[in-house]
Amino acid sequence: MQELANRLERLGTETAFSVAQAAAAWKSKGNLVYPFHLGDINIPTAPHIIEAMNRAIADGYTGYCPGPGIPQLREALAEDIGARRGIEFTPDNVVVMTGGKPVITKFLQAVMNPGQEVLYPNPGFPIYESQIEYLGGTAVPYRYLPTSAGFAIDLDQVRASITPNTVAIIYNDLQNPISAESTSAEREAIAQLAQEHDLWVLSDEAYFETRYEGVSSSIASLPGMMERTVILYTFSKKFAMTGSRLGCAVAPIEIARILSTLNTNDESCTTHYVQWAGIEALRGTQEPVQQMLDILRERRDAACELVNDISGVQVAVPKSTFYLFPDVTEAMQRMGYTAVGDFASTALRETGVSFCTREHFGRRQPGEERQYIRLAYSGIDVADIRDGLGRLRKWIETA
């Protein structure tokens with residue numbers, strides 16, 4: 001039998017799905033499961049968006065369309081994304097894709113040669129590291145430091161990690177999994193480093209509008225950054241369209257043209273009728289967006305209150321995303337656990353609460369001693385949040 005490509009050995013995955021498989025297997029045996037593991041949304045896509053999609057199908061928009069996206073959607077995206085960030089974009093800056101993930105891969109294909117270095121957040125979305133290494137680059141992690149408000153980027157480590165071989169930095173403000181939000185000073189520091197060292201920036205803004213207080217800011221809006229930044233945008237979170245697979249890159253025109261060519265090579269185009277649903281999502285009523293945020297805020301408040309009521313567990317209240325990243329170090333020590341994976345698998349069996357751990361979001365960095373888990377509350381109702389975390393508390397405190 002012929003051998004497979006060597007690069008497959010460097011291909012990672014979104015490890016939260018492995019937790020989902022374990023939870024499904026446990027549930028299939030008749031056990032109750034509280035799904036805090038996967039950042040999907042159990043709130044349906046708004047009816048007016050579904051109606052627009054169905055209408056587009058009925059109108060025959062089921063064939064091929066332009067590789068960078070239909071003009072009407074690119075125009076709507078340029079207007080909406082630009083207005084919310086104080087930047088003037090044109091449709092030529094926008095390349096529609098099948099969700100946010102392809103933006104990561106195509107950005108790297110466009111700016112990184114094999115052997116070059118790309119900085120990425122760790123803990124962070126695991127596809128960053130996977131795709132850097134799969135495409136032959138060197139993935140260089142940068143860490144976060146715990147603060148009273150959550151987490152902050154270790155800027156000293158970022159500075160020390162940049163070499164003449166570094167070509168880009170992946171920056172995820174409003175971060176998955178830790179819900180970290182940059183201060184203005186932190187954002188400006190990253191921008192300054194990017195300009196000093198002539199780095200490309202991938203600004204993952206998947207949760208830009210999934211926030212409960214305050215106003216989001218984009219690194220692309222800072223002086224000198226628009227021409228070196230690619231924004232990752234997705235309909236998945238804001239509009240509860242995870243399964244529709246619709247997103248885009250907003251990029252300098254020279255990069256946008258490359259991303260469009262990659263689209264043609266990879267998918268030909270993004271599903272035609274889904275793009276018409278995207279137009280309705282952007283230009284139709286925004287009331288369902290606010291209603292979903294109200295639901296998510298209620299879930300956040302319930303989850304934070306319950307988590308911080310568990311002995312040996314603590315978490316800061318995040319202003320955005322739909323994740324908590326509690327420190328469970330003291331609880332694990334008291335219960336006799338040294339591996340957070342064992343803590344998680346036993347918690348599933350004993351309480352039905354399924355969650356990811358720090359290990360699902362990148363390799364531990366030197367000096368990391370604290371233990372963390374990630375709780376996603378986007379796919380679980382308040383009643384089940386209270387019930388599940390109540391069981392988790394009882395298990396931890398009576399062990």
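The basis for the numbers below is simple: all heavy atoms, side chains too, and nothing from hydrogens, waters or symmetry mates.
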request  = Write out all pairs satisfying salt bridge (Lys or Arg N to Asp or Glu O under 4.0 Å) with one or both partners inside residues 62-84, taking only residues at least two apart or from two chains.
outcome  =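 Of all non-adjacent pairs touching residues 62-84, those that pass salt bridge (Lys or Arg N to Asp or Glu O under 4.0 Å) are Glu79-Arg283, Asp80-Arg84, Arg84-Glu209.
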query = Is a side-chain N or O of Thr346 found less than 3.5 angstrom from the main chain of Asp342, in a donor-acceptor match?
reply =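 Side chain of Thr346 to backbone of Asp342, a donor-acceptor pair under 3.5 Å: yes, one is there.
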Side-chain donor/acceptor of Asn122 to backbone N/O of Tyr142, under 3.5 Å =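 Pair absent, no side-chain N/O of Asn122 close to backbone of Tyr142.
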Quick check: are there more than 12 heavy atoms from other residues, nucleotides or ligands sitting under 6.0 Å from [atom1] of [X]?
X      : atom1 : answer
Gln365 : CD    : yes
Arg370 : CZ    : yes
Glu298 : CD    : no
Arg334 : CZ    : yes
Tyr273 : OH    : no

Give a yes or no on whether a salt bridge exists between [X] and [Y], defined as a side-chain N under 4.0 angstrom from a carboxylate O.
X      : Y      : answer
Arg391 : Asp387 : yes
Asp92  : Arg257 : no
Glu368 : Arg143 : no

Do you know the tightest heavy-atom contact between [X] and [Y]?
X      : Y      : answer
Gly63  : His272 : O-CB, 3.4 Å
Pro141 : Ala139 : CD-O, 3.7 Å
Arg374 : Gly39  : NH2-N, 3.8 Å
Val230 : Ala251 : CG2-CB, 3.8 Å
Ser182 : Arg187 : O-NH2, 3.2 Å
Ala316 : Pro318 : O-CD, 3.2 Å

Rounded at 0.5 Å granularity, tell me how far [atom1] in [X] sits from [atom2] in [Y].
X      : Y      : atom1 : atom2 : value
Thr285 : His48  : OG1   : NE2   : 6.0 Å
Ile253 : Ile255 : CD1   : CD1   : 11.5 Å
Glu267 : Leu262 : CD    : CG    : 9.0 Å
Thr210 : Asn176 : OG1   : CG    : 11.0 Å
Leu135 : Leu11  : CG    : CG    : 9.5 Å
Asp154 : Arg159 : CG    : CZ    : 9.5 Å

Verify the cluster assignment for [X] and [Y]: are they in a single hydrophobic cluster under the rule of side-chain heavy atoms below 4.5 Å apart?
X      : Y      : value
Val353 : Ile385 : yes
Leu38  : Leu324 : no
Met226 : Val111 : no
Val250 : Ile104 : no
Leu119 : Met225 : yes

request  = Decide yes or no on side-chain contact (heavy atoms from CB on, under 4.5 Å) for Ile162 and Leu199, but give the supporting numbers first.
outcome  = CA-CA 10 Å; Ile162 298 173; Leu199 304 180; 4.2 Å; yes
With a 4.5 Å limit on heavy-atom distance, are the side chains of [X] and [Y] in contact?
X      : Y      : answer
Arg393 : Ile396 : no
Phe343 : Thr357 : no
Lys101 : Phe125 : yes
Asp59  : Trp276 : no
Cys248 : Ile231 : no
Leu375 : Leu389 : yes
Ile132 : Ile170 : yes
Phe151 : Pro123 : no

side-chain hydrogen bond (donor to acceptor under 3.5 Å, both in side chains) assessment of Gln291 paired with Glu287 = CA-CA 6 Å; Gln291 290 172 345; Glu287 185 177 352; 3.2 Å; yes
inquiry  = Under a plain distance cut-off of 3.5 Å, with no hydrogens placed, do Thr163 and Asn165 share a side-chain donor-acceptor pair?
reply    =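 Result is no, nothing qualifies.
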key: Ser311 and Glu397: side chain donor to acceptor below 3.5 Å   =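 No, no side-chain donor-acceptor contact under 3.5 Å.
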task = Under the side-chain hydrogen bond (donor to acceptor under 3.5 Å, both in side chains) rule, what do Tyr134 and Arg10 come out as? Steps first, then yes or no, please.
result = CA-CA 5 Å; Tyr134 178 69; Arg10 305 191 299 269; over 6 Å; no
request  = Just do the side-chain contact (heavy atoms from CB on, under 4.5 Å) check on Lys319 and Glu181 with the steps written out, would you?
outcome  = CA-CA 8 Å; Lys319 297 179 181 178; Glu181 177 177 358; 3.9 Å; yes
task = Please report the C-alpha distance between Leu282 and Leu77 in whole Å, then the side-chain angles of each, then the deciding distance to 0.1 Å, and finally whether the side-chain contact (heavy atoms from CB on, under 4.5 Å) criterion is met.
result = CA-CA 8 Å; Leu282 291 167; Leu77 283 163; 3.7 Å; yes
key: Qualifying residue, where the test is side chain to side chain donor-acceptor pair (under 3.5 Å) with Lys106 and the options are Asn263, Asn265, Thr261   =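 Of the listed options, the one satisfying the test is Asn263.
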Pair up each side-chain donor or acceptor in residues 212-222 with any protein partner under 3.5 Å, not counting sequence neighbours, and list the distances.
from, atom 1, to, atom 2, distance (Å)
Tyr212, OH, Thr321, O, 2.6
Tyr212, OH, Tyr377, OH, 3.3
Ser216, OG, Phe208, O, 2.5
Ser216, OG, Arg211, NH1, 2.9
Ser218, OG, Glu205, OE2, 2.6
Ser218, OG, Ala220, N, 3.1
Ser221, OG, Ser218, O, 2.7

request  = Determine, stepwise, if the pair Leu259 / Met97 fulfils side-chain contact (heavy atoms from CB on, under 4.5 Å).
outcome  = CA-CA 9 Å; Leu259 300 178; Met97 298 192 189; 3.9 Å; yes
message = By the ring pair (Phe, Tyr, Trp, His ring centres under 6.0 Å) test, which pairs, at least two apart or in different chains, include something from residues 154-207?
response =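 Matches after skipping sequence neighbours: Tyr207-Phe322, Tyr207-Tyr323.
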